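Computed from a predicted model, the values in this text were never measured in an experiment. Just follow the structure's listing: the first ligand is 1, and inside any ligand the first atom is 1.
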Amino acid sequence: MAGRERETAAFEARVARTREGQPQHTALLGEWAIGKTTLLMHWRRLRQQAGDAVVLSMAYPQSADEFLAGLVTAIDAELGTDWPRRLDVELGVDIGIADARFRRTAPNSERELRAALRRLVEHRADEDRSVVVLLDDVDLLRETGDVLLRLRACALELYAADLPLAFIVAASPGLFTEVRSAHEPLVRFFEPLTVGPLDDSDAARALAEPLAETTVRFDPDVVAEIVDLAGGRPYYLQKLGYYTFDAAGNGRVTQAEFAVAFERAFASVSQEIFAARWAGMSPIDRQVVAVVARSTEPRPSGDIEAEAARRGVRPGAARQSLRRLASKGQIDRLANGHRGRYEVRDRLFKRYLELQTCEP
Ligand SMILES: Nc1ncnc2c1ncn2[C@@H]1O[C@H](COP(=O)(O)OP(=O)(O)OP(=O)(O)O)[C@@H](O)[C@H]1O
Ligand SMILES: [Mg+2]
């Protein structure tokens with residue numbers, strides 16, 4: 001766990017205000033594999049150590065009622081009062097989560113949720129503790145906006161009863177654009193907290209600290225190159241670090257070993273992530289993303305459209321494609337007034353695209 005002091009301080013401040021009677025709820029927003037789940041688990045540990053009641057639950061592509069019923073189960077398991085159900089949850093982990101998830105689908109899941117939250121809060125109330133409910137991947141739900149509105153209704157009702165409860169929901173940055181109709185009240189209720197790439201010194205620490213417990217050492221220029229290639233993405237740091245560690249000959253990694261390790265790490269990320277991403281792109285998106293990736297610096301949209309046009313893509317279609325690719329986080333847009341410039345900042349993905357689309 002490297003960095004994240006700013007995010008954690010913000011989280012702690014919000015929980016403290018909640019305890020003091022001003023509940024603050026959070027939407028933790030971040031790109032794929034940036035470290036949302038890791039952060040939620042870190043926060044769970046911190047709050048549990050402080051004596052709070054903490055529930056962490058994951059969303060799946062399921063209905064609102066199924067999700068809320070699953071949450072009630074998780075709350076009762078935390079309370080530990082309902083042994084048969086607790087057993088279900090624990091067994092569920094072993095025999096396949098699905099079983100525990102779908103066992104109970106209550107007809108009135110919202111009322112049940114309110115009652116369960118109330119039990120949880122009251123259980124702790126006399127000890128001056130709060131209740132923290134962490135919900136991961138809420139944008140995977142089939143009716144995300146509906147679920148968020150119902151959570152909000154529950155929280156407001158408990159607030160009226162002066163019960164200290166904070167919701168933290170985690171999702172990709174597009175969360176609030178996807179739940180458009182309910183957008184405004186939700187943004188005010190679930191205050192956004194963005195988790196982004198690690199800065200260079202934190203990224204270097206993420207490599208150095210685990211290494212310090214081993215006999216392997218990476219040369220400083222190798223560390224610098226990994227940090228640079230990863231662009232603060234913890235998943236890339238992990239992949240590159242893993243294969244580099246694996247390539248250590250006699251406890252030391254120089255540029256020569258790193259060159260081999262890089263190819264292995266790159267192949268692994270390509271297979272896990274890029275292949276499916278490429279397969280999911282339309283022919284137009286492929287043309288446009290290739291044009292963006294070929295450039296060594298951010299390019300104005302007009303330039304990109306002109307080059308795409310030479311490859312048979314209409315300018316209107318190219319413009320839409322740029323917007324779509326940027327909203328999915330596959331390319332980066334540098335805002336500059338109305339005229340945006342685009343680039344592929346992710347160096348591994350850029351390389352994948354170059355290899356994918358290089359002309360014979
Ligand atoms: N701050 C950190 N320091 C070191 N490693 C981290 C950090 N944050 C995340 N990681 C590592 O990066 C990987 C991706 O993190 P995680 O699964 O938490 O991301 P996520 O945002 O939840 O991704 P997803 O979009 O898949 O849900 C994990 O293997 C995790 O161990
Ligand atoms: Mg996650």
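The pair Asp136-Lys36 does not count as a salt bridge, with every side-chain nitrogen at least 4.0 angstrom from each carboxylate oxygen. Remark: Asp202 does not engage Arg4 in a salt bridge, criterion side-chain N to carboxylate O under 4.0 Å. Glu184 has no carboxylate O lying under 4.0 Å from a charged side-chain N of Arg188, or vice versa, which leaves the two without a salt bridge. Glu263 and Arg351 are joined by a salt bridge, as a carboxylate oxygen and a charged side-chain nitrogen come within less than 4.0 angstrom of each other. Note on Arg205 versus Asp199: no salt bridge recorded, every NZ/NE/NH1/NH2 to OD/OE distance being 4.0 Å or above.
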Discussion item. Evaluate Thr254 against Glu257 for side chain to side chain donor-acceptor pair (under 3.5 Å), listing each step before the verdict.
Written reply: CA-CA 6 Å; Thr254 66; Glu257 285 91 11; 2.6 Å; yes
Worksheet item: Stepwise, does the side chain to side chain donor-acceptor pair (under 3.5 Å) test hold for Arg311 with Gln287?
Response: CA-CA 8 Å; Arg311 293 161 189 276; Gln287 291 274 11; 4.7 Å; no
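Side chain of Ser270 to backbone of Phe266: a donor-acceptor contact under 3.5 angstrom is found.
Of the protein's non-hydrogen atoms, the one nearest atom 22 (O) of ligand 1 is Thr37 OG1, 2.7 Å. Of all protein heavy atoms, the one closest to atom 10 (N) of ligand 1 is Pro234 CB, 3.3 Å. Closest to atom 20 (P) of ligand 1, if we only count protein heavy atoms, is Lys36 N, 3.4 Å. In terms of protein heavy-atom proximity, atom 29 (O) of ligand 1 is nearest to Gln238 OE1, 2.6 Å. In this structure, the protein non-hydrogen atom closest to atom 19 (O) of ligand 1 is Gly35 N, 3.0 Å. Nearest non-hydrogen protein atom to atom 24 (P) of ligand 1 is Ala33 N, 3.5 Å. Protein heavy atom in closest approach to atom 2 (C) of ligand 1: Ala2 N, 3.5 Å. The nearest protein atom to atom 27 (O) of ligand 1, hydrogens excluded, is given as Asp137 OD1, 3.8 Å; this is a heavy-atom distance.
For ligand 1, the atoms closer than 4.0 angstrom to any heavy atom of Tyr235 are 12 (O). Listed by number with element, the atoms of ligand 1 under 4.0 angstrom from any heavy atom of Trp32 are 25 (O).
Where the criterion is an N or O separation shorter than 3.5 Å, residue side chain and backbone included, Leu198 fails it with respect to ligand 1. Here's the thing with Ile34: one of its N/O atoms is less than 3.5 angstrom from an N/O atom of ligand 1. Taking distance alone, with nitrogen or oxygen atoms compared against 3.5 Å, Ala206 stays at or beyond that limit from ligand 1.
Ring orientation note: the planes of Phe167 and His25 are tilted relative to one another, at an angle of 30° to 60°. Ring pair Trp32/Tyr236 is perpendicular by interplanar angle, where above 60° counts as perpendicular and below 30° as parallel.
What you find for Glu191 and Arg14 is that their closest heavy atoms are O-NH1, 3.0 Å. The heavy-atom pair separating Gly231 from Pro197 by the smallest distance is O-CB, 3.5 Å. Closest non-hydrogen pair, Val253 versus Phe258, comes out as CG1-N, 4.0 Å.
Within the protein, the N, O or S atoms lying under 2.8 Å from the Mg ion (ligand 2) are Thr37 OG1.
In this structure, Gly30 does not count as a contact residue of ligand 1, since none of its heavy atoms falls inside 4.0 Å of the ligand.
Considering each of Thr38, Leu207, Asp136, the one bringing a non-hydrogen atom nearest atom 18 (O) of ligand 1 is Thr38.
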